[in-house]
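Everything on this sheet refers to the single structure shown next.
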Amino acid sequence: MAEKKTAKVPLAAYELELLRLQTELVKLQEWVRSEGARVVVIFEGRDAAGKGGTIKRAAEHLNPRVARTVALPKPTERERTQWYFQRYVEHLPAAGEIVLFDRSWYNRAGVEHVMGFCTKEEYQLFLRQCPIFERMLTKEGILLRKYWFSVSDAEQQKRFRRRLKDPTKRWKLSPMDLESITRWEAYSRAKDEMLVHTDISEAPWFVVESDDKRRARLNMIAHLLGSVPYHDVPPPVLELPSRPPSTGYVRPPRDLQTFVPDHAAGL
């Protein structure tokens with residue numbers, strides 16, 4: 001029996017609920033800052049699974065001094081000689097901070113393993129050490145949330161094709177992404193193996209069905225909010241002061257300054 005397809009979330013309903021959830025994220029942010037909490041959210045999944053778009057919506061109205069996104073490039077020669085988790089540790093939050101990892105230490109369980117960028121021994125060591133590392137984080141009091149964005153092969157192909165044609169998104173498509181098409185089953189096996197070893201009670205994995213981007217964003221953000229025991233923190237009472245009377249300041253002539261040309265006037 002064919003699986004019944006779920007209807008896409010209507011745009012109007014999506015925008016209304018997204019705004020409500022984003023408002024709650026601001027409340028979560030203020031609670032984190034007030035309580036000195038530390039929150040780490042990991043976004044993992046296949047290429048074009050919708051991680052970046054979800055992170056963008058989640059962080060859209062947050063204070064970048066409180067909530068920051070970490071998307072690390074490939075390791076440097078020096079970093080390759082460090083303990084594998086070392087370069088990620090320096091990006092962990094201090095009190096009152098939220099860190100959103102756009103890919104994380106799980107690179108070793110995915111792309112590095114599948115593409116042969118690490119040895120078999122390094123991969124096996126990661127699978128043994130990762131649960132220990134994450135238990136250390138949670139025992140330290142860090143709130144760790146891990147989300148795997150699951151996209152079908154057909155939907156991934158559609159998104160890749162759209163990226164090829166869209167000059168604003170072409171940069172998102174790399175030779176590595178295209179290589180992942182031919183290694184679909186290898187990535188599937190790597191994901192399954194990763195979940196077996198790292199889906200621990202202290203830091204479980206949560207799978208986000210992401211063929212419908214709107215649904216995926218709403219579901220993920222709602223789950224994150226529901227998993228953290230935050231509460232509304234009343235903001236300080238602020239009042240706009242009266243503008244003081246002029247003391248004789250005169251603005252310099254406009255022709256002494258260089259203004260940006262009015263490009264919009266030609267539209």
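Just so we're clear, the structure is a prediction, and the values are computed from it rather than from any experiment. FYI, the numbering just counts along the sequence from 1.
- Between A48 and Q156 the shortest heavy-atom distance is CB-CG, 4.3 Å.
- Here R189 pairs with E185 in a salt bridge; the nearest charged N to carboxylate O distance falls below 4.0 Å.
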List the atom pairs, donor and acceptor, that lie under 3.5 Å between side-chain atoms in residues 129-138 and the rest of the protein, sequence neighbours left out.
from	atom 1	to	atom 2	distance (Å)
Q129	OE1	W83	NE1	3.2
E134	OE1	Y106	OH	3.2
E134	OE1	K146	NZ	2.7
E134	OE2	W105	NE1	3.0
E134	OE2	Y106	OH	2.6
R135	NE	E202	OE1	3.2
R135	NE	E202	OE2	3.1
T138	OG1	E134	O	3.3
T138	OG1	R135	O	3.0

query = Can K27 and E30 be said to form a salt bridge (Lys or Arg N to Asp or Glu O under 4.0 Å), step by step?
reply = CA-CA 5 Å; K27 294 179 183 179; E30 293 309 297; over 6 Å; no
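- Contacts of H223 classified as ring pair (Phe, Tyr, Trp, His ring centres under 6.0 Å), with partners at least two apart in sequence or in another chain: Y147, F206.
- Counting only residues at least two apart or in different chains, side chain to side chain donor-acceptor pair (under 3.5 Å) contacts with residues 203-214 comprise S152-D211, T198-W205.
- When each of V41, V70, I42, V40 is tested with S104 by the rule side chain to side chain contact (heavy atoms under 4.5 Å, CB included), just one qualifies, namely I42.
- Taking every heavy atom of both residues into account, P204 and D199 meet most closely at CA-OD1, 3.3 Å.
- Looking at residues two or more places apart in sequence or on another chain, you find a side-chain contact (heavy atoms from CB on, under 4.5 Å) between S174 and M176, D177.
- For residues 39-54, every residue pair satisfying the salt bridge (charged side-chain N to carboxylate O under 4.0 Å, His left out) rule, not counting sequence neighbours, is listed here: E44-R103, D47-R103.
- Partners of R162 under the side chain to side chain donor-acceptor pair (under 3.5 Å) rule, at least two apart in sequence or in another chain, do not exist in this structure.
- Atom-to-atom distance recorded for Q86:CD and T81:OG1 is 8.0 Å, nearest 0.5 angstrom.
- Here L178 is tied into one hydrophobic group with F160, L164, L173, I181, each link being a pair of ILVMFWY side chains closer than 4.5 Å.
- Of all non-hydrogen atoms in L144 and A203, the two that sit nearest each other are CD2-CB, 3.7 Å.
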query = Which is it for H113 and Y187 under the side-chain contact (heavy atoms from CB on, under 4.5 Å) test, yes or no, and what are the steps along the way?
reply = CA-CA 9 Å; H113 171 56; Y187 273 104; over 6 Å; no
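- For the salt bridge (charged side-chain N to carboxylate O under 4.0 Å, His left out) condition, the pairs that include at least one residue of residues 62-72, sequence neighbours left out, are R68-E97.
- In terms of the side chain to side chain donor-acceptor pair (under 3.5 Å) criterion, residue partners of T168 (sequence neighbours excluded) are, by chain and number, D166.
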inquiry  = Between Y14 and K8, is the side-chain contact (heavy atoms from CB on, under 4.5 Å) condition met? List the steps.
reply    = CA-CA 10 Å; Y14 163 73; K8 288 186 176 296; over 6 Å; no
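- For residues 114-126, there are no salt bridge (charged side-chain N to carboxylate O under 4.0 Å, His left out) pairs, not counting sequence neighbours.
- With a 4.5 Å cut-off on side-chain heavy atoms, I221 and L18 count as touching.
- Looking only at distances, no side-chain donor or acceptor of R108 sits under 3.5 Å from a matching main-chain atom of Y84.
- The shortest heavy-atom contact between W184 and V151 is CH2-O, 3.3 Å.
- Grouping the Ile, Leu, Val, Met, Phe, Trp and Tyr side chains by contacts below 4.5 angstrom, directly or via other members, places L72 with V99.
- The two residues Y123 and C118 have their closest heavy-atom pair at CB-SG, 4.1 Å.
- By the 4.0 Å N-to-carboxylate-O rule, R80 lies close enough to E77 to be salt-bridged with it.
- Comment: E60 does not engage R57 in a salt bridge, judged by the lack of any side-chain N to carboxylate O separation of less than 4.0 angstrom.
- Residues in residues 246-266 take part in no salt bridge (charged side-chain N to carboxylate O under 4.0 Å, His left out) pair, two or more places apart or across chains.
- Taking 4.5 Å as the limit, some side-chain heavy atom of N63 sits within range of a side-chain heavy atom of R33.
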Donor-acceptor pairs under 3.5 angstrom involving side-chain atoms of residues 225-240: please list them, not counting sequence neighbours.
from	atom 1	to	atom 2	distance (Å)
S227	OG	R145	NE	2.8
S227	OG	L224	O	2.8
Y230	OH	E24	OE1	2.5

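- A pairwise comparison of heavy atoms in A109 and F126 identifies CB-CE2, 3.6 Å as the closest pair.
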